[in-house]
Amino acid sequence: MADLAYYITDYGYWALFIGCLAEGETITLLGGIAAHQGLLHLPWVIAVVALGGTLGDQLLFFLGRRFGGKVISRMKSQEKRIERANKLIARHPMLFVIGVRFMYGFRIIGPVLIGASRLPPSRFVPLNILGAILWATIFVLLGYFGGEAIARFISGFDKRLTSLLFCALVIAAILLLRFWWRRHRAE
């Protein structure tokens with residue numbers, strides 16, 4: 001985590017952009033925290049995160065159009081999830097494309113599945129951009145305002161300790177959400 005904070009602080013927007021090409025939430029939250037601390041500018045953080053998320057999903061979408069059938073056929077253990085996702089794509093393509101980046105476990109494979117489903121690029125691209133903007137705005141603002149709340153709470157501590165503590169809290173919150181989601185899905 002300290003390495004991520006180091007890269008975001010030292011490389012700023014480039015670190016956010018590269019980090020959001022594939023991964024997202026942790027980098028995005030850290031970008032919001034960096035904006036809160038005045039290291040980066042909030043509107044630029046949202047724009048860079050949205051751009052990185054958009055381009056990452058575009059690449060995965062086109063890989064799915066080209067190689068999706070081969071990739072999916074090798075995922076025997078995930079057949080039920082893939083079948084359910086394909087039904088959702090067929091019934092609600094707009095909601096699936098916009099929401100895929102918010103679905104645990106579908107951040108990487110979701111755009112590949114959408115590409116393999118043969119959804120036309122003319123439908124995917126604008127929905128992907130809209131989804132990336134919503135996702136970037138929500139997660140960057142969570143980091144930004146979460147950073148503000150934590151900073152007020154422990155304003156007497158050293159600034160580095162505050163950053164480390166907040167990063168640990170963000171990771172703990174993400175892990176708890178993932179644990180809850182897995183448990184919820186298992187039931």
Side-chain angles (χ1 to χ4, degrees), residues 1-64 96-115 121 124-155 157-178 181:
M1 187 67 172
D3 289 340
L4 287 175
Y6 164 78
Y7 285 115
I8 288 175
T9 302
D10 279 10
Y11 298 103
Y13 303 108
W14 285 108
L16 288 173
F17 176 76
I18 292 168
C20 288
L21 285 172
E23 205 279 319
E25 287 78 15
T26 305
I27 300 288
T28 305
L29 288 167
L30 287 173
I33 294 168
H36 167 73
Q37 294 177 345
L39 301 171
L40 302 172
H41 297 287
L42 183 63
W44 283 106
V45 171
I46 293 171
V48 168
V49 166
L51 181 63
T54 298
L55 292 179
D57 283 4
Q58 284 301 139
L59 177 63
L60 292 169
F61 171 79
F62 286 113
L63 287 172
F96 194 87
V97 171
I98 292 170
V100 75
R101 59 185 79 246
F102 296 98
M103 294 180 208
Y104 176 75
F106 278 92
R107 180 72 175 97
I108 302 296
I109 193 65
V112 174
L113 292 173
I114 296 167
F124 178 79
V125 172
L127 293 171
N128 183 40
I129 292 169
L130 176 61
I133 292 169
L134 289 171
W135 172 79
T137 302
I138 289 169
F139 279 95
V140 169
L141 290 177
L142 279 173
Y144 185 85
F145 291 116
E148 184 176 322
I150 295 297
R152 262 192 259 135
F153 178 70
I154 51 177
S155 61
F157 290 96
D158 179 46
K159 193 167 187 157
R160 291 183 188 168
L161 178 61
T162 303
S163 297
L164 289 174
L165 180 60
F166 182 72
C167 290
L169 288 172
V170 168
I171 290 173
I174 290 170
L175 292 175
L176 284 172
L177 283 171
R178 286 185 174 182
W181 181 255

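A distance of 13.0 Å separates CD1 of I27 from CZ of F17, quoted to the nearest 0.5 Å. Here the NE2 atom belonging to H36 is positioned 13.0 Å from the CG atom belonging to L141, to the nearest 0.5 angstrom. Here L63 contributes atom CG and D57 contributes atom CG; the two are 11.5 Å apart, rounded to the nearest 0.5 Å. Rounded to the nearest 0.5 angstrom, I138 CD1 and I46 CD1 are separated by 10.5 Å. Rounding to the nearest 0.5 Å gives a distance of 10.5 Å between CG of L60 and CG of L113. Note that CG of L21 and CG of L51 are 8.5 Å apart. Values are rounded to the nearest 0.5 Å.
L40 places a side-chain heavy atom less than 4.5 Å from the side chain of L16. Using a 4.5 Å heavy-atom threshold, the side chains of C20 and F139 count as separate.
In terms of heavy atoms, P121 sits closest to P126 at O-CD, 4.2 Å. Smallest separation of non-hydrogen atoms from F102 and W135: CZ-CA, 3.4 Å. The minimum heavy-atom distance linking G53 with A132 is given by the pair C-CB, 4.5 Å. The minimum heavy-atom distance linking V97 with V100 is given by the pair O-CG1, 3.5 Å.
Proximity of a side-chain donor or acceptor of N128 to a complementary backbone N or O of T54 within less than 3.5 Å is detected.
Looking at residues two or more places apart in sequence or on another chain, you find no ring pair (Phe, Tyr, Trp, His ring centres under 6.0 Å) involving F96. Shown here are the side-chain contact (heavy atoms from CB on, under 4.5 Å) partners of L130, two or more places apart in sequence or in another chain: I98, L134. With sequence neighbours left out, the side-chain contact (heavy atoms from CB on, under 4.5 Å) criterion links A35 to L42, V45, Y144.
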